[in-house]
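I am attaching a structure below and will ask some questions about it afterwards.
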Number of protein chains: 2
Amino acid sequence: MSPRPASRRAVTVADIARAAKVSKATAARALGDYGQVSDAVRSRVLAAAEELNYRPNALAKSMNTGRSNTIGVVVGDIENPFFAHAMRGISDVANAAGYDVILTNSDEDVDAEEAAVDVLLDKQVDALIVAPASSARVSHLAAVADAGRPLVLLDRRADGHSYDSVTVDNRAAAAAATSELLAEGHRRIAFISTHDHPAPEYTPGERITMSSVADRVAGVMETLATAGIPSPETHIRLDARRRGVDAVARELLDADEPVTAIIASDSLIAMTVFQVIRTLGLRIPDDVSLIAFDNPEWTGITTPPLTVVEQPIYELGAAAARRALARIRGEQVDDEAVVFAADLVRRASVAAAPRPAPLRIAAAFTESSDA
Amino acid sequence: MSPRPASRRAVTVADIARAAKVSKATAARALGDYGQVSDAVRSRVLAAAEELNYRPNALAKSMNTGRSNTIGVVVGDIENPFFAHAMRGISDVANAAGYDVILTNSDEDVDAEEAAVDVLLDKQVDALIVAPASSARVSHLAAVADAGRPLVLLDRRADGHSYDSVTVDNRAAAAAATSELLAEGHRRIAFISTHDHPAPEYTPGERITMSSVADRVAGVMETLATAGIPSPETHIRLDARRRGVDAVARELLDADEPVTAIIASDSLIAMTVFQVIRTLGLRIPDDVSLIAFDNPEWTGITTPPLTVVEQPIYELGAAAARRALARIRGEQVDDEAVVFAADLVRRASVAAAPRPAPLRIAAAFTESSDA
DNA sequence: CTGAAAGCGCTTACAG
DNA sequence: CTGAAAGCGCTTACAG
């Protein structure tokens, strides 16, 4: 009713108690809606709070209760549609349960990730959800357990640890995409990822430090190998950010034995590949087939619309939040890893492999010697 | 060096003080790096902290200092690329200054926004950045000033208030897009927004509750009016979410006097319009010209690539964070409103207006009577 | 149901 | 430079 000027000094339970002529404990009980308070006192306290425009200090409350009702999240980059989408799933579930979310970007840098985890822990978050930049360098995550707080890994696992995780079955997804291409007669199938790696090429047995990418590479290679393709690692390309996705795609397409199909590890990569194919004067899918991971809306309106591997990203985030909340509440959770399946959404960027006119004989020879 | 089991009870300055055989005050000074401490004592304390795996409690610190080093942000929807991008700008600037960010989605709902602001205030954020869902219903924002904390409005102003704000010159941007179309001979130019409104049609003088949209509508109408187009409100469409962007676009394109150009108020709307135009068997830009607000990468790879109004979104967020920090530090800031210009990026979705064969005479008459 | 006291983990004057 | 005490704004036993 009465407007009040902004006061430097915040009004506290002590002020309310004084105004309502009760003890701080009683005022706090009425305000915080806990313990026993008579109706008469309660309304007196609430009226005073209203009158003085009281605002509880959540920090002080957290100090006592030991709970901040906050979940800390560390993702690679919130601008990445993948994480933006997952973040929405996390927020929705967390908010519905009365929790807030503190967001931090690691830029896929382990040191930044470690710093973020420390800050979040110091801020007393009740649980942490992190998409580890590396599945190999994860020692800093032990600090979460040391602080006695739940940790849920998003999209990526931590090698050698059984932390709770919510991931997608990337191996199966990559295998499905590869099979789709193989069924159309493709033999030279490329996979392009921007994940950091010592070199753009992949040597069998080498460790790929992000589990999601490692799983995809494994899925592609296994499927290729099973189909009898020799040296299935030949067209695997990692670390494409450093050399440039466009340069990598160009090399693959411009080679003596050009690839006839490309699997892009995310939609941003697909966008660049799409442009390079066009710039080279090639047609999709006549000359080159393309499958992208992730299904942002735009993939449906390009010419041609893209065949994609759709991941349940929102659900991934929601499930991570649900697991975090379950751990906070100390609920019994039997399985530690939640794994979602991805779907292959068939549109129009995949077609039969073009017949390589000049190389046909040689290729036939090579292949028959394997059969 | 020595592994330690997770302890329920966190180690505090008191523990460190005891281990280092100094007072809590001294331990705190060494740990917090403030006040005076001799080198000998400092290293003794730091060693103890290391040994006991000490973690400062940021909440307790905030209780004393009155600062949480946290900025609260309320956006419409983090999944919206616009906000995801702006959020990146906010985070980068905030983090660089040692601040964390608590993110909340309002879903463009004023009640949810109010609740979010309250929670954030209770969590003692040092400043708030909000993209108000309505420029008309903003009374709840007064709570921020009441709590003595800075508020910066993002992308949208609050009618009748001089809160700090960081926006884009939407009026000029919409005018530029309209002029571009007018120059190509278009006379029936539509503008489509999903912003909530009592009806899809717009009646001159009616209030549009989101300043960014209101500015765009004003820019379009003024430019149309200046060009001598009668009833410039004719093809303005709001509230398109309720009826469906596709239905709205279809009506505009299927009318007796169909529009020959469409300005989409964001890239999501543009995507749907793009599809509807195609579904109708029409060509861009031969039959219909299209200009979209925002410039996500995909707009460059469609056939044809889209002409767009590019807003400096990241900068918008960064500037909002900078202003918030300046206010937190109590710096003198002269101008209250920061306004960025948007750029028209010409690609290939705009062409000369098609000649409406059957209506040509009538149209010519109408137009000459205006000249 | 209500109140006085202690405590959450730090920081801040105030003495020495 | 160091320490004892009080305090930040709440909540939590413990009495009554």
Side-chain angles (χ1 to χ4, degrees), chain A residues 7-46 48-49 52-70 119 121-126 147-148, chain B residues 7-46 48-49 52-70 119 121-126 147-148:
Chain A
S7 50
R8 244 56 326 251
R9 175 138 269 344
V11 1
T12 70
V13 289
D15 300 315
I16 304 302
R18 204 172 304 122
K21 300 189 193 311
V22 294
S23 70
K24 287 196 303 177
T26 299
R29 280 189 272 256
L31 259 13
D33 202 32
Y34 59 85
Q36 310 284 43
V37 194
S38 67
D39 289 347
V41 169
R42 187 195 317 285
S43 49
R44 195 138 47 89
V45 171
L46 262 27
L52 297 179
N53 194 23
Y54 172 73
R55 288 213 90 79
N57 182 325
L59 261 32
K61 177 173 188 172
S62 294
M63 287 269 316
N64 293 280
T65 62
R67 291 178 300 99
S68 63
N69 280 284
T70 305
V119 171
L121 248 19
D122 294 350
K123 287 218 174 185
Q124 310 299 115
V125 295
D126 295 329
Chain B
S7 51
R8 243 59 321 254
R9 176 137 267 343
V11 2
T12 71
V13 289
D15 299 316
I16 303 302
R18 204 172 304 121
K21 301 191 191 313
V22 293
S23 70
K24 287 197 302 177
T26 298
R29 280 190 272 255
L31 258 14
D33 203 30
Y34 58 88
Q36 310 284 43
V37 195
S38 67
D39 289 347
V41 169
R42 186 195 317 285
S43 48
R44 193 139 47 88
V45 171
L46 263 26
L52 297 178
N53 195 22
Y54 172 72
R55 288 213 91 80
N57 182 325
L59 261 32
K61 177 172 189 173
S62 294
M63 287 269 315
N64 293 280
T65 62
R67 291 177 300 99
S68 62
N69 280 286
T70 305
V119 169
L121 247 19
D122 293 351
K123 288 218 175 185
Q124 310 299 115
V125 294
D126 295 329

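So you know, we letter chains A, B, ... as the sequences are listed, proteins then strands, and number each from 1.
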Any non-hydrogen side-chain atom of A/Ile16 less than 4.5 Å from a side-chain atom of A/Leu52?
yes
Do the non-hydrogen side-chain atoms of B/Leu121 and A/Arg55 ever get within less than 4.5 Å of each other?
yes
Hey, could you give me the NZ/OG distance between B/Lys123 and B/Ser62, rounded to the nearest 0.5 Å?
12.0 Å
Identified side-chain contact (heavy atoms from CB on, under 4.5 Å) partner of A/Tyr54 from the options A/Leu46, A/Val11, A/Asp15
A/Val11
Please report the shortest heavy-atom distance between B/Ala58 and A/Gln124, naming the atom on each side.
N-OE1, 4.5 Å
Where at least one partner belongs to residues 23-42 of chain A, residue pairs that pass side-chain hydrogen bond (donor to acceptor under 3.5 Å, both in side chains), sequence neighbours excluded
A/Ser23-A/Thr26
Taking for each residue the nucleotide of DNA chain C bearing the nearest heavy atom, is the 5' side occupied by A/Lys24 or by A/Arg29?
A/Arg29
Give, ordered by number, those residues of residues 32-39 of chain B having at least one heavy-atom distance below 4.0 Å to an atom of DNA chain D; if nothing qualifies, reply none.
B/Gln36, B/Val37, B/Ser38
Tell me, which of residues 12-20 of chain B have any heavy atom that sits under 4.0 Å from an atom in DNA chain D?
none
Rounded to the nearest 0.5 Å, what separates atom CG in B/Asp126 from atom OG1 in B/Thr70?
6.5 Å
Atom of B/Met63, atom of A/Met63 and distance for their closest heavy-atom approach:
CG-CG, 4.0 Å
For DNA chain D, the expected dot-bracket line (Watson-Crick or G-U under 3.5 Å, [ ] crossing, | inter-strand) is |||.||||||||.|||
Note, A/Lys61 side chain near A/Asn69 side chain (heavy atom, < 4.5 Å):
no
B/Val125 to B/Ser68 - nearest heavy-atom pair and separation:
CA-OG, 3.6 Å
Need two values: the first and the last nucleotide of DNA chain C, 5' to 3', having an atom under 4.0 Å from any heavy-atom of chain A.
C/dC1 to C/dG9
Considering non-hydrogen atoms only, spot the tightest contact between B/Asn57 and B/Leu59 and give its length.
OD1-N, 2.8 Å
Do any of residues 57-68 of chain A sit with a heavy atom less than 4.0 Å from DNA chain C, and if so which?
A/Met63, A/Asn64
